[in-house]
Amino acid sequence: MNIKGKIIEIFETQQVNEKFKKREFVIECGENTQYPEYIKFETVQDKVNLIEPFKMGEEVDVFFNIRGRVWIKQEVKNYFNS
C-alpha cells in the first residue's frame with residue numbers, strides 16, 4: 001500500500017530493548033484540507049534510517065505494510081496495528 005502526504009513530525013530512534021529498535025514519523029494527508037488526516041508510521045530495525053534524508057514539510061510517498069495483532073492481558077483483548 002502507499003499514501004502521499006507531507007511530513008509533519010520525525011521522532012528520534014528508540015532502542016526498545018537490546019534486539020529491537022524503532023523510529024516513528026507522522027504525515028499529514030487527505031483530500032479535505034479543512035480536516036486533514038494525521039497518520040503515524042513506524043520503521044523498525046534496519047529500516048529506521050530510511051526517514052533520515054527527509055525534512056519536515058517535505059512531500060513524500062510512503063509505501064508500507066500494515067500488520068494487526070491481538071494482545072490479551074488479564075483476559076481482556078486489545079487489538080493494535082503497526
Side-chain angles (χ1 to χ4, degrees):
M1 301 176 85
N2 75 300
I3 191 167
K4 293 181 182 184
K6 177 175 61 173
I7 297 174
I8 61 160
E9 188 102 33
I10 300 173
F11 298 96
E12 294 296 320
T13 299
Q14 298 173 353
Q15 189 72 45
V16 177
N17 61 40
E18 68 226 19
K19 295 182 181 181
F20 183 74
K21 61 184 173 180
K22 69 179 184 175
R23 188 170 192 185
E24 299 172 327
F25 64 98
V26 179
I27 66 167
E28 177 185 282
C29 59
E31 301 201 4
N32 186 342
T33 56
Q34 186 176 359
Y35 301 104
E37 300 289 332
Y38 297 94
I39 312 294
K40 183 164 68 170
F41 289 93
E42 175 181 273
T43 59
V44 297
Q45 302 301 76
D46 62 331
K47 306 285 192 255
V48 296
N49 291 326
L50 287 176
I51 193 71
E52 199 64 39
F54 299 97
K55 305 288 182 233
M56 303 266 263
E58 189 170 347
E59 293 288 330
V60 293
D61 191 0
V62 180
F63 293 86
F64 62 95
N65 296 320
I66 190 164
R67 296 185 173 111
R69 304 235 193 303
V70 62
W71 178 57
I72 302 172
K73 184 175 182 177
Q74 298 176 350
E75 299 182 24
V76 176
K77 281 187 188 179
N78 286 304
Y79 298 91
F80 65 95
N81 299 321
S82 64

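We use all heavy atoms of the structure for the numbers below, so side chains are in, but hydrogens, waters and symmetry mates are not.
With Phe41 as reference, Phe64 is the one residue of Phe11, Phe63, Phe64 to meet the ring pair (Phe, Tyr, Trp, His ring centres under 6.0 Å) rule. When each of Val48, Asn49, Thr13 is paired with Thr43, the side-chain contact (heavy atoms from CB on, under 4.5 Å) condition holds for Val48 and for no other.
One distance of note links OG of Ser82 with CD of Glu24; it measures 10.5 Å at 0.5 Å rounding. If you take CZ on Arg69 and CG on Asn78, they are separated by 15.0 Å, rounding to the nearest 0.5 Å.
Residues Ile8 and Ile27 are not in side-chain contact: their nearest non-hydrogen atoms beyond the backbone lie 4.5 Å or more apart. Two residues are said to be in side-chain contact when any heavy atoms from C-beta on lie closer than 4.5 Å; Val26 and Ile39 fail this criterion.
Of all heavy-atom pairs spanning Cys29 and Gly5, the tightest one is CB-CA, 4.1 Å. For the pair Lys19 and Gln15, the tightest heavy-atom approach, listed with the atom from each and the gap, is N-NE2, 4.5 Å. Phe20 and Gln45 make their closest contact through CA-OE1, 3.3 Å (heavy atoms, listed as atom of the first residue, atom of the second, distance).
Under the rule for a side chain to side chain donor-acceptor pair (under 3.5 Å), Asn32 has no partner lying at least two apart in sequence or in another chain. Under the rule for a side chain to side chain donor-acceptor pair (under 3.5 Å), Asn65 has no partner lying at least two apart in sequence or in another chain.
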Exercise. Would you please test Ile51 and Ile7 for side chain to side chain contact (heavy atoms under 4.5 Å, CB included) and show each step?
Key: CA-CA 10 Å; Ile51 193 71; Ile7 297 174; 4.0 Å; yes
Problem set entry | Audit row: Val70, Phe80, side chain to side chain contact (heavy atoms under 4.5 Å, CB included) steps and yes/no | CA-CA 6 Å; Val70 62; Phe80 65 95; over 6 Å; no
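By the 6.0 Å contact criterion, CD on Glu12 is open, its count of non-hydrogen atoms from other residues, nucleotides or ligands being 12 or less. Environment of OH in Tyr79: sparse, with no more than 12 heavy atoms of neighbouring residues, nucleotides or ligands closer than 6.0 Å.
Looking only at distances, no side-chain donor or acceptor of Glu31 sits under 3.5 Å from a matching main-chain atom of Pro36. For Gln14 (side chain) and Val16 (main-chain N/O), no donor-acceptor pair under 3.5 Å exists by modelled atom type.
One hydrophobic cluster holds both Phe54 and Val62 under the rule that ILVMFWY side chains link at heavy-atom gaps under 4.5 Å.
Listed by first and then second residue, the salt bridge (charged side-chain N to carboxylate O under 4.0 Å, His left out) pairs involving residues 41-64 are Lys22-Glu42, Arg23-Glu52 (not counting sequence neighbours).
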